[in-house]
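Have a look at the structure below, then the notes.
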Amino acid sequence: MRANLARHARRVLIQHSRSPSCALYSAPTRQRRLARPIVYGISNRTFLDGIFGKAPPREVRQPEFEPGWMNIMVWRSRMLDNLRPPPTDELIQSWKAFFNAKLSSRVPLNATQALQCHRLLDYLLQQTPETPTKNSPKLTSKDLTDALNALRSLRPRERTSQHLEFAKRIYSTLSSNVSDLDSRLWKQYIQTLCLYGGSKEALDILYSNWKNVAELAKKGHNLVPSVAQGLAREGYEEDLIALVQSSENNEIPFDKDTQTVIVKFFADQNKISEAQHWFNRLPESGRRTAEVYPLVASFALRNGLEDWAVPYFLDLGDTKPEKPYWDSLLQAILIMGKGLKQVEAMMSHMVDSTGPVEADTATINGLLRAAVDIKDPMLAEDIILLAQDRHLKPDGETYLIQMSLRLDAGYLPGVQAAFKNVKKLEPWHSNPDRWWEYCHLLNKFLKALCAQSTPDFKLLSEFVQVAEEDQVQLEPDTVATLCVRFLENEQPFDVMDTLSIHAFQFSAAEREVVQDAFVKFCVDPETSTSRAWTAYQLLRQFFQDLSFEHRARLVSAFFDRKRPDMASHVFGHMRQHRNNDYHPKLETYITFFEGLGQHPDVEALDMVYNMLKMDTLVQPDTSLYTSLILAHTACGRHLQALDFWTEITSSREGPTYASLEAVFWALEHRAGGSKIADKIWKRIESMDIDITPAVFNAYVGAIGGSGLLDEVQNRILRMEKVTGVEPNAMTLGVAFNALPGQQLQAKFKSWAKMRYPEAWAALEKKGKRLNEDSLCKFKLNRVLKA
């Protein structure tokens, strides 16, 4: 307001000054109308901004967490920091919200979530008073049962010890609250153990509770196949066979599901005699499962056992089985190498006990899956034509199988066409297994799009959007591949959106997959520095748990790119991390200062050296002081560099060959450094120790830096006597580069070329450059380490 008044007053005064001053006094009673101030404004047609104006900046998507999970992580963070945790009733509500969301979204529990929920359960049980009142917050049996149900019913992407221990803790808590557990809950617990690698423990429970197992089997809930499946998955062959024998001894018959598990176990390992034995042994019902016949056909084809398998298939057809068996029989014939014409001929002869059996879409889908097994996309197309001839309309499963076949064949336009039909029919509503298949194929399709030499990023973004709309959880390697491709195309916002949706749904092990891809992208020499820095910024934003090794590798990578400023920022982020495990160690400081020795940066040196002085956990040693000599020398701070040499000489550890090279290199760049170099050299000679060629070369460089040409030549002539090695290209190059003047370099060149022609010729091949003082320097690969 004051500014507006000031501008208005200024304009009024200007108008007054334009009128003659006497006119104001000639007629004092006359009223004069003051001139209106002139406003120099610019008219804006603001309504056009909405049409032709610039688009607003794209908003950064906020990270997405499952309901209740954020509060659980806040609780864990506060516990680690010894801070007051959230109230117990809030944590219980978070538990309920989290597992309700799991059961509704069908997203499995990852290993990190299982671990933290296990810890939270222990904490909540500790908070429950021994004599709870009516209003005391506590987890109910339903809350615990929901968690166990989420573990059992959701198909796991990981099978870890964290899942197993969490399931045990839930069950022990439930069993301690009631005297007689529901048999359904007991069955659910056994199945959960088998699902996550606890089949041996489940087997022990069965051995001690055969009576309960037999009662459940009579009710149609046989636990033996579930435990057998777990033992087979974990490779316990002896226990698998013993389970069958023990179950029969306890009046639990050998059923067809258990037989299928055992036959598949041995067939997958191509153990011929064992697979044949268990296939020949009929279950008590007298009939095998339909699924075992295509399995045996594949096994017979791999091992040349067609003559053994065919009679079983013929016997199955003679028994006039139900339609599922006919479908399996057709698949087995196709896998065995019979043509589609023979399959079509058998279709017309299919009968069961009630009459003819007609082929339908399920039959076609079975044949297509057989084509997938034998990896024959042309056969699959012939099967589709057969379905059209028989007027069999494809369903959603048909198009899912088509997607799989065309993905394997690399025919992406065909995959896209089949995908549209899958989206239209959505077969997972009638069969939940189709949902997992759809998720897997969509992940596979996205990776195939990324694998193209020139990806269609518009199409790729569309399918990423489809995955988001359908709430498909992308796999870690899919997310990693997508992010790398978006980074290559300079689409950081798409990377952020992808990570915001999926990165916080992964376990620690799954997050490492994405981190590895980012780090590999950053350290790849083919990646531009700008893109590498963008990738690191995103990595730091979304992955605070990036491992120490990866961070140290990134520091070295940015030094390799000759960007010490970026390396110092990465180093600083390590030092500022709230977790001490990610703080720089002694070796990290040494590596950083060595990098500055090659690629100097004064600001980076000041910043990290100040961090070192404040770091009470790092105890300096000779290697660290040596790296500081290299860094300060490269940054032009020669006096400070020699202060570290004093620290080395007064330390208990003392100098090393590397520190001698470093101090001679520092003296090479200091005026009059040859005097100090001679004192150090005389002390070395008095100690009667072996002198390496590298140390000798550095000493020659220190003398040459003071312009003592005659002394340099004399020292080089004595090199073989001192080190046992003749002067080479490196020796001559160090001496030449150290000499401060064109005349000195010219004299040395004439002398070296005549005295050591071969070594000088090798030096000439390395190439030359001019420094800032227009002095010629050979391009020596002289890398000094601490």
Side-chain angles (χ1 to χ4, degrees), residues 64 66-67 100-109 149-150 152-157 291 323-324 327 331 359-373 377 380-381 383-388 390-450 456 458-479 482 497-498 501-502 505:
E64 296 184 6
E66 294 175 275
N100 287 336
K102 282 291 183 187
L103 293 171
S104 61
S105 66
R106 310 293 297 171
V107 176
L109 206 69
N149 189 33
R152 184 194 63 83
S153 61
L154 303 180
R155 181 178 298 186
R157 197 164 61 194
E291 294 80 8
K323 183 181 175 299
D327 291 345
Q331 295 173 44
D360 57 8
T361 304
T363 307
I364 297 300
N365 291 341
L367 294 174
L368 286 172
R369 293 198 181 278
V372 172
D373 289 340
E381 297 301 329
I383 294 171
I384 295 297
L385 293 176
L386 173 62
Q388 294 175 356
R390 288 179 166 267
H391 305 289
L392 298 176
K393 188 177 180 180
D395 60 6
E397 183 181 357
T398 309
Y399 292 116
L400 279 173
I401 302 170
Q402 275 189 323
M403 277 187 68
S404 178
L405 283 161
R406 292 171 181 175
L407 276 169
D408 291 339
Y411 180 45
L412 299 187
V415 177
Q416 191 175 352
F419 179 84
K420 291 180 180 178
N421 289 312
V422 171
K423 283 287 293 176
K424 187 186 300 182
L425 297 172
E426 295 185 347
W428 45 84
H429 292 306
S430 58
N431 188 345
D433 287 339
R434 302 288 81 79
W435 168 252
W436 304 112
E437 187 176 1
Y438 168 69
C439 294
H440 172 71
L441 290 173
L442 184 54
N443 274 273
K444 194 174 179 181
F445 183 39
L446 287 171
K447 286 184 283 189
L449 290 174
C450 292
D456 184 345
K458 182 179 179 181
L459 181 64
L460 191 59
S461 298
E462 289 176 1
F463 277 95
V464 171
Q465 184 67 28
V466 168
E468 180 184 348
E469 292 173 355
D470 290 348
Q471 296 184 344
V472 174
Q473 190 177 22
L474 299 184
E475 298 167 1
D477 54 344
T478 306
V479 172
L482 282 170
D497 287 348
T498 303
I501 298 171
H502 300 285
Q505 312 289 339

Please report, to 0.1 Å, the donor-acceptor pairs under 3.5 Å made by any side chain of residues 398-409, with sequence neighbours excluded.
residue	atom	partner	partner atom	Å
Thr398	OG1	Asn365	OD1	2.5
Thr398	OG1	Asp395	N	3.2
Thr398	OG1	Asp395	OD1	2.7
Arg406	NH1	Gly414	O	3.0
Asp408	OD1	Lys444	NZ	2.7

Under 3.5 Å, which donor-acceptor pairs link side chains of residues 460-467 to any protein atom two or more places apart or in another chain?
residue	atom	partner	partner atom	Å
Ser461	OG	Phe457	O	2.9

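Checked by atom type and distance alone, the side chain of Gln505 pairs as donor or acceptor with a backbone atom of Glu64 at under 3.5 Å. With hydrogens and angles ignored, the 3.5 Å screen pairs a side-chain donor or acceptor of Asp360 with a backbone N or O of Ala362. Within the 3.5 Å criterion, the main-chain N or O of Lys447 finds no donor-acceptor partner in the side chain of Thr478.
Counting all heavy atoms, side chain and backbone alike, Asn443 lies closest to Leu474 at OD1-CA, 3.3 Å. Residues Ala380 and Leu368 share a closest heavy-atom pair of O-CD2, 3.6 Å. Nearest heavy-atom pair across Ser153 and Leu103 is OG-CD2, 4.1 Å. The minimum heavy-atom distance between Lys423 and Glu426, with the atom names listed, is O-CG, 3.2 Å.
Between Asp327 and Lys323 there is a salt bridge, since a side-chain N of the basic residue sits under 4.0 Å from a carboxylate O of the acidic one.
Within a 6.0 Å sphere centred on CD of Gln471, other residues, nucleotides and ligands contribute 12 heavy atoms or fewer.
The shortest side-chain heavy-atom distance between Leu441 and Phe445 does not fall under the 4.5 Å cut-off.
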Inset, instruction - Show the numbers, then the answer: is there a side chain to side chain contact (heavy atoms under 4.5 Å, CB included) between Glu475 and His440? - result: CA-CA 8 Å; Glu475 298 167 1; His440 172 71; 3.9 Å; yes
